[in-house]
Each structure stands twice: as structure tokens, then as C-alpha cells.
Amino acid sequence: MADPTTTPSRPDAEAPGYEPAAVERKWQARWDANRTNSPDLARGEKPFYQLMMFPYPSAEGLHIGNLYAFTGNDIHGRFQRLQGHTVFEPIGYDAFGIHSENYALKVGVHPSELIPRNIENFRRQLHRAGLMVDWSHELSTTDRSYYKWTQWIFLQLYHRGLAYKKRAAVNWCPSCKTVLANEQVEGGVCERCKTPVEQRQLEQWFFRITDYAPRLLKNLETIDWSETTRTAQRNWIGASQGARVTFRVVDDGDRTDDITVFTTRPDTIFGATYLVLAPEHPLVDAITRPERRAEVQAYRERAARQDIISRKTNREKTGAFTGATAINPATGEAIPVWIADYVLMEYGTGAIMAVPGHDERDFEFARSFELPIVRVVAGAGVEPHAPLEAADVEVAGARVVNSGEFDGLNVEDAKTKIVAWLAGSGAAEPVTTYRLHDWCISRQRYWGPPIPIIYCESCGTVPVPEKDLPVELPYVEDVRPDDSGISPLARHEEWYHVPCPQCGKRARRETDVSDTFLDSAWYFLRYPSSERDDVPFDAALTRKWLPVSSYIGGNEHAVLHLLYSRFVTMVLHDMGHIDFEEPFTRFRAHGLIVKEGAKMSKSRGNVVVPDRYIEQWGADTFRTYLMFLGPFEEGGDFRDAGISGVRRFLDRLWRSATDARRDGEPEVAVLRKLHQTIRKVGDDVPRLSYNTAIAAMMEYMNVLRAGERTPHVAEVQPLVQLVAPFAPHLAEELWEGFGGVGSVFDAGWPSFDPALAAEELLTLAVQVNGKLRGTIQVTRDISQDGALAAALAEPNIAKFVQGAPKKVIFVPGRLLNLVV
RNA sequence: GCCCGGAUGGCGAAAUGGUAGACGCGGGGGACUUAAAAUCCCCUUCCCGCAAGGGAGUGCCGGUUCGAGUCCGGCUCCGGGCACCA
């Protein structure tokens, strides 16, 4: 006890109890004053970049889910610091974009006024949570100094040929009045407002993320990420191995056309009895016969008018015959060419070879339009000409039939052999197709970084020169989007009229802003260099601090944010700006917090407001309780009733520390448990098994205070270090009480002695025929024979054993199993 | 339909193939107190039994093993991802 006047040694009396509010205020102020949490980024040794997904500062304030994630992140960061790393734990705000703007529109406050207010509120709440955040590197995506470089990133992609503009069918949300990326459409409705999405033809900016599909897929094998997240990305990228096959359209006089299809089943090509093009396919006009033109045109118009949801949900097969035929390169037969909306222009080549015998959709279509159905694959014991009542999609153990020289091959062999055979005449080539589409980044909205492009009548599309960045977002009074598909920025004439940077003639600015996901696709690069105004990221700092050591966030960003970040990082790598191509070495998705078994929502009225709990229980208790609810990666069930148990634990720790004696010796049995606890907590925290680490500390507490014993300082002090990542304020206060100098987080992690951690006497389970019949106390190094003798000396065990056991299984330190 | 997770006491949950239910909540009993709160101790999966002890038990059915919550095969239900993707 450093100061006996403030820490009396008697447990009862007027010992100052644990008062979290005072302790937390004191240490938060001291951390700020001493810059405890602002590491020297240039010189700090063993850098560890502990990143959490930055929040978007909603008007409702910090959500419990945010705090759950941040706390779990913070504990890992603090633990790494105790392990001797220089830990950088930054925070920022994802405050540009539709989510923020929609809320501003709803409450009728201009976003430029509302957002700073929300950020201020978030900052206050985050501060109270006791996070080890380096506030000197705080950023917001709305900062001029930030989005200048978001625009710079756009220009990098543009110069690299990875940003392009095209007129395309895009997802249009009639409520948000903007274009959405495919990733923002869920089941045909806008993920944000749940309004059914419409199809519109608009000029949009896209990023060629599809160019990176193979690498985005392949690298998934090398990064240390949650399996669920990698699976989600794998599904989203959606690689399909197959072949492109070319069918020659039967010459109708003056021209020849080739139709290239994509198929994953080239083994079934002998059963391709017709072709189908997407209604939007560019060849449709050219191949359609005059007598069919009217019908085909009508069908195409109907398809174009149809909204995306009904096209994707209405599975009834419709179509129109073009009148054209094409040659199946395998059979040499002429087969009809149809158009149908079940074939999608945006996947593969927008054309398919239909194999009704072995594809359910084709089968249905063939039935509707009375097209021939041929069996070319047969499972074991199935006749080669067995009739087909439905598509036979069986592949395992099936063989190819009615396919000329390929008859009898299994499906896999047939795929390669048939493609090789067709490749000989140039009719086929093996190819991998991806489900992933290019990333549409244009948004016809106000609250975002203007896309840095200028259109000049003489020079065409001109990128804004880097020296002119940022293209500042002007103040526009009325930011409401309208149905025109044109951004509110287009109403600000003085802003969008601009001289061409190349020829100086009258030109106009691009009035779309970029997608929020572009803001968040590179923020981790900005944090260490946030003070630099002349570069997006400092070369030396970036080399030292990136890639991110540990990234923690929600799995709702498994495909959107995480995929875009990887893409942008790869592009910057390829352009030589950075020397790594994966931004996050380790990623773990945290689970979700529910309340009393139910999802939290405003309508249910069961939303946990962090402020209230922190006031009542203290931030340390709240943090520890959140982590105690369940496995961090699985989430937990927040129940008000449970929090008292954690508070009781911290109260007991407080008393143990303030009452601890310095006289006499620590007890060996207690030290043994202590060292087991040090090992357990040290194992559990890095794997985010926080709940079991807390349980282990509680278990130790039960030993430490068993009966009414007064613990020794040597028994308590290391526990204060173990608990520090969870209850940082309390740990600092107690550490100081012990006479510790500086922050407990610079004191390191207690070492554990394996010899001491090992039990001297242990309990061996004794089974007879695998059934537990009793336990025996034995020394650690007991032999099998010794254990056997001890076991048979127990009447309750011996009564199950007549004569010598047939077999004895001895697992040292664990159990003895006698087989009789 | 395909691909990932998950299912364990009254509740939140623990368990490298080796004593199922650690830790915590709730509940019961006790100590201290005039009393209450706080604190400390004991009990708390279910069934039979005064007890010693015995039996059953980790969503369901089967298997591997001396031994299965854990591994394998086949299901059921719940959560999530993808889905007219050729």
C-alpha cells in the first residue's frame, strides 16, 4: 500500500469503496493529459495496428452494437500493448453518404449542420467507454482534408483505366432517388429503405472490380479471416469453371454471325437443342428474321419495361423465337435461336446453349415451347434412351451417352475432352466466369465527395488535375433528390460551370458524388498519416504500420466494405503506391448482441442505451459485462439481471487490492492458481475468448478470497494486470495504489511459471468400461501401475472389477479406464 | 435448391476424443446483524434413495472408439450467405 492513509488495511471500517465514476473521470483525464494512448508512430517499436470498423455517426448516438465491437477491439489492443507492442488504435466517422443524408432529410436539418453535431455526441460517448483511442488521429470522411484524397483515389483508378462511364441498366431506388450498387439491393428491395428497386438506363461511373475477381478470390486462401466472411466473399465473387462455346448462325444471305455462350456443362453439348439469348443481347436485331421481327420486338420491349424484382422472382418461362438457327458444333445440326428473359445479359456472355435434358430451366422452357429434349447423361443403371420426365441433373457416377465418340466417359472427363476437341476447330475454350459485377460508384445525391471529372465539348471527359483537389462540395440549400436521376448539385450553376482544365473553354463538372463505400475503402490507409495534407498517406508510416494487424467489425460488411477495401488496396499496390495487396492481415467478425433473447429495435422498445448503464454501473463493469455475455465472435444476450455479477467481481477485486497485506508470505496454493490464471487469460484473450478469460479471473478471485482471508499483494497485483484490458480505469487506479509508476499498460504482462502452474496432486477419473466409477487423488508423476493399485483400493471402484482387467487405458493426469 | 454456422440445466454459457454443466444470473439454506442491505459459506441437470450409492442425460436415428457434446453417415429445427448465375 503506497499510502496507508487512503488505503486502510481493515476490510470493513471506512475503507473508500469502489466508486467507478470518480475513478473513470480521473483516468480519462490523465490519459488525455499524458497522451497515454497516442503512440509515437514514427519511432514506436513493434507496431501493432488495431483497427475497428468506424461508425457512421447517427443522430441516435452510439449503439450498443458499436460499443460491443469497440470494446472487444479495445481489449485486444490493450492486451497487445501489455505484450510490449506499440499499439495504434484510431477512430473516425463514416459520415458522408446516403445513410447520413437520409436522416438529415427526415429531420429537416442540413447535413452539414447535423453531422458535426452527431460526431460531437459520438466523441463524448466514445470517450466515456474508456477506449485506448488515439484521438490525435481522428478523422471524418466528410473532412475536406479526407475527401480530397478520396477523389485522388478515384483519379488513380481513372488513370489506370479502371474507372469508366457507361450507360447501363442500373438499380434505381425510387424512394432514395438514387442508383444503388448490386450489393445494396437485397431480394429486389433497397437495403436501406426496403422500397422495391426499379430498373433504369443511366450513365454511370463504374470501377472494374471484375478485373480483380481472380485475385480477390485467390488471396482469400492466404489471409487470416473468419471462415464465415471468406465464404461470403467467395459466394459473392461466384467463380464458375466452364467453357465458352461458339455457335455459327446459319447464313441468311449477306452476313454471318457467331453466338458465343458460356456453359459449365460442356459435357452436355450433344444435348443442346436450341440457343437462348438475353432479350438485351446486341445480336438480337441482326439475326432476327423479318417475319419474326414484330414478335421479338414486342417481347424485348416488355422485358425492358419489366422491373428487376418481377423479372427475378417470376420464374414462368417466356420467350420468343428469332427465326434464326445456328449450328451445334458438336452435332453439326441446325438448332433454333430464341430470346428469353431467364437469360441475363449481365452474366456470362448473355447467351446460353439450352440442354433441356439436364437443366431444370431449359427443361421447363422446352416443355412450354415444344422443343426437343435429348438425354446425353445417364446415371448408373439408367438406359441411354430412358425418357426424361424432368431434367436429370445427376452428375455423381453418371456417364455421357448419345454423344458420339465420348459415350461412356464420366462427366468430369467428358468436360475436358469435349472442350479440347471443340477447341481444335476454335469453337470452344475453357474459361472461368464470375458472378461479381463492376462496382457502380455514381450516386445522384448531394452528401458525398463530388466525382472529380469535368466534361468539355472539345476535350471530352477530363479528369480534374490533382493540384485542383479537392473538388469541394458546395453548400446547396435544398439537398432533396428528385426523380430526374440528376444530382442536386446540378442545381448549383456557379459550381458546375467551370473552365476546362485542358483548353480553358466552357465546361461543366460531373454532378454525381461517389458511393459511401469508396470513402470507407481506404480510411485505414489514412489514419497513421491523418496529419499530412500533402499526401494521402506517408510512405514511411505506411510501410511501418500497414497492413492492419487486427481488424474487427461486423459481418454485415462481409462483402461490401471488405471486398471494396481489398480491391482498392490491390489497385494502389499495382500502381506502386503501397507494397502490400491485402489490407487486413487478420479479420474477425464479432457477433450480435440481443436483448433478453430478442433482437433489439426501437419498435420493440428494448434498445439498450449505453449511457444509462455506464452511469449506473461504471464503464469498466459495462465493458466487462458485455464481454462476459458469450463468445465475442458469436455475440450474446444482454440481460440486466446479469450485470451485478460482474460488478461484484470488480468490487471484490477493489477490496482485495486495497486490503492486501504486505507482511508475511503469499500462499503457494493461491500462487499456483494465479499462475494457471495468467496462462489461461494469456491464451484466451488473443483468440477473443473473452468470456472464458473473465470466468478464469473470477475463479481465481474465489480462491483469492476463499473464506475471509486477506490476500497478499503478490497474489493480487498480477490480477490487476490481467484485468486491465477489460477494466482499464480500475486497473490503473489499483496499480497506482500499489505504488506503480506510470500507466499499468506500460508495465507489461505478468509472466507465469509453468512449474508453479502445474498441480502437485491431481484428481484422476477412474472408469470401468468407459463409465465413471470414482475419482482418486494421485501425485502428478504416478505410474499406470500405481494408479491402478490406488483405483482398486477404492471399494466403490473395486466392486465393478472382478479379477484382472482385460485392458487398462491410462491417460496421465486425466483418467484411468479399466476394461473388464 | 446450394454453401456456411448453431442446437448443452430455470437462464447466459464452459468443456485439446478423456470426470458434461467451469464462470455468472436466478433459486434454496446458513453465518454475521436488533433488523435489513452489503459481505461470507454451502446446495442447486433430471429420476430413485435418509444416506452410501445407482440410473438417465448435450435436437433425432445409426456408426467408429476402451471412451463421443466433440469424429463419421443420415435427418429435424433455428440463424446467416447465395440464388432463373447457365
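Remember, predicted model here, so these are calculated numbers, not experimental data.
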Euclidean distance for [atom1], [N] against [M] (whole angstrom):
N      : M      : atom1 : answer
B/rC40 : B/rU33 : C1'   : 13 Å
B/rG24 : B/rU45 : P     : 15 Å
B/rA14 : B/rU65 : P     : 32 Å
B/rG9  : B/rC47 : P     : 15 Å
B/rU70 : B/rA7  : P     : 11 Å
B/rG63 : B/rC2  : P     : 27 Å

What nucleotide among [options] has an atom nearest to a side-chain atom of [X]?
X      : options                : answer
A/S644 : B/rC85, B/rC25, B/rG24 : B/rC25
A/T231 : B/rC4, B/rU39, B/rA86  : B/rC4
A/R814 : B/rA52, B/rG18, B/rG26 : B/rG18

With side chains defined as the heavy atoms from C-beta onward, is the minimum distance between [X] and [Y] less than 4.5 Å?
X      : Y      : answer
A/R361 : A/V343 : no
A/P329 : A/I269 : yes
A/F262 : A/Y347 : yes

Starting at the 5' end of RNA chain B and moving along, which residue's nearest nucleotide shows up first, A/A232 or A/N769? A/N769
Taking for each residue the nucleotide of RNA chain B bearing the nearest heavy atom, is the 5' side occupied by A/K799 or by A/K807?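 Whichever sits nearer the 5' end wins; that is A/K799.
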Mind checking if [X] touches a base, just sugar-phosphate, or nothing, with heavy atoms under 4.0 Å?
X      : answer
A/R361 : base
A/R773 : sugar-phosphate
A/L815 : base
A/T433 : nothing
A/N555 : nothing
A/Y625 : nothing
A/R652 : sugar-phosphate
A/E699 : sugar-phosphate
A/T775 : base

Face-on cation placement of A/R566 at A/W225 ring, 6.0 Å and 45° thresholds: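 The answer is yes; both the distance and angle limits are met.
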Hey, does the Lys NZ or Arg CZ of A/R773 hover above the aromatic six-ring of A/F800, less than 6.0 Å from the centre and inside 45° of the axis?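 Yes, A/R773 and A/F800 form such a contact.
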Interatomic distance, A/D362 CG vs B/rC84 P [rounded to whole Å]: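 After rounding, the reported distance stands at 15 Å.
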What's the CD1-C1' distance between A/I237 and B/rC3, to the nearest Å?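 Nearest whole value for this atom pair: 15 Å.
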Neighbour count >12 (heavy atoms, 6.0 Å) for atom CD, A/E360: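 At most 12 heavy atoms, drawn from other residues, nucleotides or ligands, come within 6.0 Å of this atom.
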Classify the side chain of A/N817 and the base of B/rC66 as holding, or not holding, a donor-acceptor pair under 3.5 Å. yes
Under 3.5 Å, is there an N or O donor on one side and an acceptor on the other linking the side chain of A/K806 and the base of B/rC66?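 Absent.
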